[in-house]
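Inspection log for the structure reproduced underneath, given as structure tokens.
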Amino acid sequence: MTLTLIDVGRFFTILGIIGLVILTLCLAGFDGYESKTLYARDSGKGFATVSLRPGQQLIARMDKKVMIGNNAYLVVERDGKEVASLADDWEETKNELIFEGDGEYNLKVIFEDSSADRRSAEIEIKWLIAK
């Protein structure tokens, strides 16, 4: 069996399409961050616990989905005490908190108006532990 130039072209076309599909599936939506969508009713409740070893950093981001007449800030707590926060200026600080610590920490979001309904106060928190 001899391969013609057309057969070789078909083979590489099919191989390229399969590779593109695999690459798309591998990269679609993957950024390494864990995430949680929170509403005003979740205000003050811990939504995640992270354990940091010396030299590790917690990188947290706030993405505002809906925020009408309300404000929110992210709090990192240890033993019930605030150790770091991402507050009102979070849009100016590239909405990112970088915190380095050692031990177990709780993440909470505090909404100024915790009685707001979910259509007027929705925020997504993404976090990652970096080495």
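The first residue in the sequence is number 1, and the count goes up from there.
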query = Counting N and O atoms only, with roles assigned by atom type, does the side chain of R78 sit under 3.5 Å from a partner on the main chain of D102, one being a donor and the other an acceptor?
reply = yes
request  = Taking all heavy atoms of T37 and all of E122, pick out the closest pair and write down the distance.
outcome  = CG2-OE2, 3.5 Å
query = Around I6, counting heavy atoms of other residues, nucleotides and ligands shown, do more than 12 lie under 6.0 Å from its CD1?
reply = no
key: For E104 against T49, the heavy-atom pair lying closest together   = CG-CG2, 3.3 Å
F111 versus L38, closest heavy-atom pair with distance = CZ-O, 4.1 Å
inquiry  = Please say yes or no: joined through hydrophobic side-chain contacts below 4.5 Å, possibly via intermediate residues, are I17 and I14 part of one cluster?
reply    = no
request  = List the steps, then state whether side chain to side chain contact (heavy atoms under 4.5 Å, CB included) holds for V75 with L107.
outcome  = CA-CA 6 Å; V75 175; L107 301 178; over 6 Å; no
inquiry  = Show the nearest heavy-atom pair for residues A72 and V109, with the distance to one decimal.
reply    = CB-CG1, 4.1 Å
query = Any donor and acceptor pair, going by atom type alone, linking the side chain of N70 with main-chain N or O of M67 inside 3.5 Å?
reply = no
key: Straight-line distance of E82 CD to N106 CG, nearest 0.5 Å   = 12.5 Å
inquiry  = For the backbone of E124 and the side chain of D63, can you confirm whether one donor and one acceptor N or O come within less than 3.5 Å of each other?
reply    = no
request  = Give the cluster check for L58 versus I123: same hydrophobic cluster or not, with ILVMFWY residues linked at side-chain heavy-atom distances below 4.5 Å.
outcome  = yes
Approximate separation, where rounding is to 0.5 Å, of L20 CG and L15 CG = 11.5 Å
message = Do F99 and W127 make a side-chain contact, defined as non-hydrogen atoms from C-beta onward lying under 4.5 Å apart?
response = no
query = Does one hydrophobic cluster hold both V66 and L74, with members joined at side-chain heavy-atom distances below 4.5 Å?
reply = no
request  = Calculate, to the nearest 0.5 Å, the distance between atoms CG and CZ belonging to L86 and R61 respectively.
outcome  = 11.5 Å
inquiry  = Nearest 0.5 angstrom please: Y105 OH to S51 OG, how far?
reply    = 10.0 Å
query = At their closest point, which heavy atom of R41 faces which heavy atom of K45, and how far apart are they?
reply = O-NZ, 3.4 Å
remark   = Rounding to 0.5 Å, atoms CD (E100) and CD (Q57) come to a distance of 5.0 Å
query = Is it the case that one hydrophobic cluster holds both Y73 and I68, taking links as side-chain heavy atoms less than 4.5 Å apart, direct or via other members?
reply = no
Short side-chain to backbone donor-acceptor contact, D7 and R10, under 3.5 Å = no
note = Looking only at heavy atoms, the pair that brings L52 and G101 closest together is CB-O, 3.6 Å
message = Working note: D117 + R119, criterion salt bridge (charged side-chain N to carboxylate O under 4.0 Å, His left out); need CA distance, chi angles, decisive distance, verdict.
response = CA-CA 6 Å; D117 73 4; R119 292 172 295 184; 2.7 Å; yes
inquiry  = Does atom CG (L25) have a neighbourhood of more than 12 heavy atoms from anything else shown, all under 6.0 Å?
reply    = yes
